[in-house]
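Here's the structure, in C-alpha cells; my notes come after.
Please read these numbers as outputs of a predicted model, since none were measured by experiment.
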Amino acid sequence: PCRRAVQRLLPATMSSPVPADPLWPRVAKLFLLLLQLCAPRASPQPQRCPAACICTSDLLSCSRQMLLRVPQALPPTTTTLDLSHNALTQLRDRWLAALPHLEALHISHNQIRNLSPRAFHNASFLRHLDMSSNYLHAVETHYFEALVSLEELLLYNNRIVRVDENAFAKLSGLRKVYLSWNNLTTFPFHAVQRLGIYNLRTLDLSSNSLSSIPVDVLAALPENIGNGLYLHNNPIGCSCSLYLMLQRWNQQGFSSVKDFFEEHTCKVSDNAPRSLIKFLKHSHMFENCSAGAEVTDLSHLEAMVGQPILLTCNTSNTSLLHAATTYMWITPHHEPIKHPGNSNRSLEVYLNGSLRIAVARPWLSGVYVGLAMNSPYNFSRMCEFNLTVLYPKPAEETFSTGLTTLLGCIVSLVLVIIYLYLTPCRCLGCCKKPAPLSTPQECSAQSSILSTTPPATDGPNRKASANKHVVFLEPVRETQNGKIRLALGEDFPDPKHPKVLQLKSDSESISSVFSDTPIVS
C-alpha cells in the first residue's frame with residue numbers, strides 16, 4: 001500500500017508546476033519519508049568469528065595470538081572469552097557491551113598496567129575474572145565495582161603494592177580472591193570483616209611482603225574466613241600473639257594452616273631481613289608463650305532432640321562493648337544471624353547477645369561463634385559453643401538379661417534333680433512291691449501265640465483256646481540275659497511239674513524267635 005500511494009502521488013506532483021505555496025517543502029519531505037519507509041530493509045548479517053579466534057557455540061578463544069587490542073566484532077552469544085597470552089596493554093571503555101551473556105573472562109598473561117573507570121561496565125553477569133600475570137600496580141576502587149555478580153577474582157602474579165580499602169565493597173557475592181605473588185606490604189583487613197558476613201571463603205595473601213598483620217582483628221574473624229585466609233611465605237614479625245592464633249587455627253583444622261604448616265614463616269629481627277624461621281615447625285622457641293585473656297575457650301554443650309537451647313556469652317571480660325554494640329552469631333553452616341533472627345525464627349538473637357534455638361535438631365550440631373560489633377567494620381569475638389544434639393536414650397529394662405538367664409538355669413537344674421531323685425510315690429515300700437504274677441492259663445496263652453509249635457495240651461481246654469484271638473499281650477515280667485524268665489506262682493511249687501516244663505519250653509521258643517543269632521534246623 002505504501003508503494004501504491006507513492007506511485008499515485010508522484011506522477012501528479014511531477015506533472016504539475018512547482019507551487020509557490022510555502023507548504024510545498026513539507027510535502028516534499030513527506031514524499032522522501034515515504035520513499036525511505038517503502039525501501040526494502042537489509043536483512044541482518046550473521047555475526048562472524050574474528051579471524052584470529054576460535055568460536056564454538058558459546059565459547060570464544062583468542063589465546064596466544066599476540067593481539068595488541070581486543071577484536072571489534074565479537075559474537076553476542078559468547079559466555080566464555082579467552083584473551084590470555086597476548087600483548088594487550090589496555091581495555092577500552094564499555095568493550096563488553098556487545099557480550100550481554102558473558103560469565104567468564106580470561107585476560108591472564110598480558111601487559112595491562114591499569115584499568116579505566118568504565119572498562120568493565122555492561123558486564124553485570126560476569127562471575128569469573130582472571131587477570132593474573134599482568135602488570136597491575138594497585139587495585140583501585142573503580143576497577144571492579146561494576147561487576148556486581150563477580151564470584152572469583154584472580155589477581156596473583158602481578159605487581160600490586162596496594163589494595164584500596166573499598167576495592168571490594170560492592171562485590172557482595174565475592175567468594176574467592178587470589179592476591180598471592182605480589183608486592184603487598186599492607187592489606188585492609190577491616191574490609192575483610194565486611195566481606196566475611198557475606199560469602200567470602202578464600203583470601204590468598206601468601207607469598208607477599210607483609211611485615212605485620214593485626215592479629216587481634218584476624219583472631220576475631222569468623223571461621224569461614226579464617227579457614228581460607230592464607231598468610232604463608234610472608235616476612236611477618238614473630239610474636240606470641242601470631243603464634244597462638246595460628247596454633248589455634250591449626251588445632252581447629254583450618255586448611256590455611258594445616259595444608260601449609262611448614263611454609264608459615266616469621267622474621268626474628270627487622271634489622272636482619274633474612275632472619276626467617278618456620279615457627280610452627282620449630283615451636284620450641286615459643287614454649288614460653290601462653291594464651292592471654294583474649295583467647296576464647298571453646299565450650300562444649302550437649303542437648304536432646306526437641307529441646308530449646310539458649311546460648312549466652314560471658315561479656316564481663318570484653319572491654320570493647322558499649323551502648324551501640326550489636327551482636328551476631330555465625331552458625332555451623334556459616335550463616336550470619338543478627339537480631340531478631342533468621343527468616344523462620346528457628347534461631348533468634350536477643351538484644352543482650354544471647355542466641356536461642358527454638359527446637360534442637362541433629363543438623364544444628366556444630367560450632368556457634370558469638371561476635372560483638374562496635375561498628376560495621378569492627379568485630380570482637382565473645383564466645384564459642386560446640387553444640388552436639390543427641391537422640392534420647394531408650395528406657396532401661398526392668399530385669400537384666402544375664403540375671404534372667406541365670407535364674408532360668410537354676411530352676412531347670414532343680415527340676416531335673418527332683419525328676420531324678422524324688423519318686424512320685426509317697427511310700428517307698430509300696431513302690432518296691434513286686435507285681436502280681438499271671439495265671440498259668442494266661443501264660444500258656446501268651447506262649448501259644450508267640451511259639452512256633454502248638455502247646456501239648458489235651459482235652460477240652462485245648463479246643464477252646466484254638467478259637468480265641470488275643471489282641472493285647474500282657475508284658476513279660478522279667479528278663480535275664482536276653483531270655484524271658486517266667487515267674488512261678490504258688491500253684492506250681494515243683495519245678496518238674498509237667499505244666500512248668502511246658503512253660504519253660506515255650507519261653508525258650510520265644511527267646512529263640514527274638515534272638516539275634518540265626519536258627520539252624
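- Residues meeting the side-chain hydrogen bond (donor to acceptor under 3.5 Å, both in side chains) test with Asn227, sequence neighbours left out: none.
- The salt bridge (charged side-chain N to carboxylate O under 4.0 Å, His left out) pairs that include a residue from residues 341-360 are Glu348-Arg356, where partners are two or more places apart or lie in different chains.
- When the side-chain hydrogen bond (donor to acceptor under 3.5 Å, both in side chains) test is applied to Thr89, no partner is found at least two apart in sequence or on another chain.
- In this structure, the side-chain contact (heavy atoms from CB on, under 4.5 Å) partners of Thr80, at least two apart in sequence or on a different chain, are Leu59, Ala104, His106.
- Applying the salt bridge (charged side-chain N to carboxylate O under 4.0 Å, His left out) test to every pair with at least one member in residues 84-110, sequence neighbours left out, gives these pairs: Glu103-Arg127.
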Please tabulate, for the side chains in residues 255-264, all donor-acceptor contacts under 3.5 angstrom to protein atoms that are two or more places apart in sequence or on a different chain.
residue: Ser256; atom: OG; partner: Gly226; partner atom: O; Å: 2.9
residue: Ser256; atom: OG; partner: Leu229; partner atom: O; Å: 3.4
residue: His264; atom: ND1; partner: Phe260; partner atom: O; Å: 2.7

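- The salt bridge (charged side-chain N to carboxylate O under 4.0 Å, His left out) contacts involving residues 167-185 comprise Glu145-Lys170, where partners must be two or more places apart or lie in separate chains.
- Under the disulfide bond (SG atoms under 2.5 Å apart) criterion, the residue pairs touching residues 58-109 are Cys53-Cys62, with sequence neighbours excluded.
- Arg159 forms a cation-pi arrangement with Tyr135, by the criterion of a distance under 6.0 Å to the ring centre and an angle within 45° of the ring axis.
- Rounding to the nearest 0.5 Å places OG1 of Thr265 at 9.0 Å from CD1 of Ile277.
- Taking Arg69 as the reference, nothing meets the side-chain contact (heavy atoms from CB on, under 4.5 Å) condition, with sequence neighbours excluded.
- When the side-chain hydrogen bond (donor to acceptor under 3.5 Å, both in side chains) test is applied to Asp204, the partners found at least two apart in sequence or on another chain are Ser206.
- One side chain, Thr141 or Asp164, offers a donor N or O that lies under 3.5 Å from an acceptor on the other.
- Residues satisfying the side-chain contact (heavy atoms from CB on, under 4.5 Å) criterion with Ala52, sequence neighbours excluded, are Gln65, Leu67.
- Every residue was checked against the side-chain hydrogen bond (donor to acceptor under 3.5 Å, both in side chains) condition with Arg361, not counting sequence neighbours, and none meets it.
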